[in-house]
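Contents: one structure, followed by commentary.
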Amino acid sequence: MRRLVLATKNPGKVVEIEDILRSLPIEIVAISAYKDIPEIEENGETFEDNAAHKALATAKATGEVALADDSGLEVDALRGAPGVRSARFAGEDLPRGRERDRANYEKLLSLLKDVEDAERTARFRCVVAIADPYGKVRMSEGVCEGKIAFTPCGCGGFGYDPIFIPHGHTRSFAAMPQDVKNAMSHRARALKAALPLIAEFFQLLR
Ligand code: IMP
């Protein structure tokens, strides 16, 4: 096996992941290249549960090594919420996209309306899981520390980007060029930490 299947249908994530894994001598294909793969549920209690479940289900369905990620925003003043429920924080029924993203960050801003600057610390966390069809799973993690702004700013990115200001910066993720965000993001960090794990699956280590 020399093929890694990415268990994501998000084209932005596919590009970001391909870019970071470019140095590996393996073929990378998105799950959208396969027909008749059943929808994979994301209802675990942790990022690890969700990432491992998605990677394993994809590896078993395709017969190849698979990589999945799960991520979210942890706000200290909300004791780690929205966390694993980041995508559905404002409700289960809103369709994926800009409107749901706005509803999610508006809810977060309203919960934090009386929280002062020093208490607005937060982090994006991402867990990457790699699995093979026989049940082997390895995981890596990446974190990006920062704080929650008082008002949304910037029109790039997705999700909570307009209200997240990474540590050491004054602009939100949404107000930065995509490549600047990608270089420091939780996903980039988790993927870089996953490089030796992927090499182990494909026995590229000498
Ligand atoms: P998932 O890993 O695609 O399931 O992401 C879960 C949710 O976390 C997304 O729907 C976003 O709301 C949020 N999220 C994850 N990564 C980011 C990011 O880089 N920027 C903004 N929001 C993010």
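Atoms within each ligand, like the ligands themselves, are counted from 1 in listed order. On a predicted model such as this, the values are computed, not experimentally measured, just so you know.
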When you check the side-chain N and O atoms of Ser71 and Arg187, is any donor under 3.5 Å from an acceptor?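 Yes, side-chain donor-acceptor contact under 3.5 Å.
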Does a side chain donor of either Asn182 or Ser185 reach within less than 3.5 Å of an acceptor in the other side chain?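 Their side chains do not contain a donor-acceptor pair, so the 3.5 Å distance test is not met.
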What atoms of ligand 1 come closer than 4.0 angstrom to any heavy atom of [X]?
X: Lys13; answer: 1 (P), 2 (O), 3 (O)
X: Asp70; answer: 2 (O), 4 (O)
X: Glu42; answer: 4 (O)
X: Lys181; answer: 18 (C), 19 (O), 20 (N)

Measuring from the heavy atoms of [X], does anything fall under 4.0 Å of ligand 1?
X: Asp161; result: yes
X: His186; result: yes
X: Gly72; result: yes
X: Arg100; result: no
X: Asn104; result: no
X: Tyr160; result: yes

Side-chain heavy-atom pair [X], [Y] within 4.5 angstrom cut-off:
X: Thr121; Y: Glu145; result: no
X: Asp49; Y: His53; result: no
X: Arg120; Y: Leu112; result: yes

Running the 4.5 Å side-chain criterion over Ile, Leu, Val, Met, Phe, Trp and Tyr, what cluster does Val5 land in, apart from itself?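 Other cluster members: Val29, Ile31, Tyr34, Ile37.
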Pick from Ser86, Ala51, Pro162, Pro82: the one approaching atom 8 (O) of ligand 1 most closely through a non-hydrogen atom: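 Residue with the shortest heavy-atom distance to the ligand atom: Ser86.
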Counting non-hydrogen protein atoms only, what is the nearest one to [atom]? Give residue, atom name and distance.
atom: atom 23 (C) of ligand 1; value: Phe124 CE2, 3.5 Å
atom: atom 17 (C) of ligand 1; value: Phe158 CZ, 3.4 Å
atom: atom 2 (O) of ligand 1; value: Ser71 OG, 2.7 Å
atom: atom 10 (O) of ligand 1; value: Ala87 CB, 3.4 Å

Closest approach of Ala190 and Cys126, non-hydrogen atoms and distance?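 Heavy atoms of Ala190 and Cys126 come nearest at CB-O, 3.6 Å.
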Locate the shortest heavy-atom distance separating Phe89 from Pro82; write the atom from each residue and the value.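 Taking Phe89 first and Pro82 second, the nearest heavy atoms are CD1-CB, 3.5 Å.
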Heavy-atom contacts under 4.0 Å between Phe164 and ligand 1: side chain, backbone, both, or neither?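 Phe164 to ligand 1: no contact under 4.0 Å from either part.
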Hey, are Arg138 and Glu200 close enough for a salt bridge, meaning a charged N less than 4.0 Å from a carboxylate O?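 A salt bridge links Arg138 with Glu200.
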Is the centre of the Phe164 ring less than 6.0 Å from the centre of the Phe173 ring?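 Yes.
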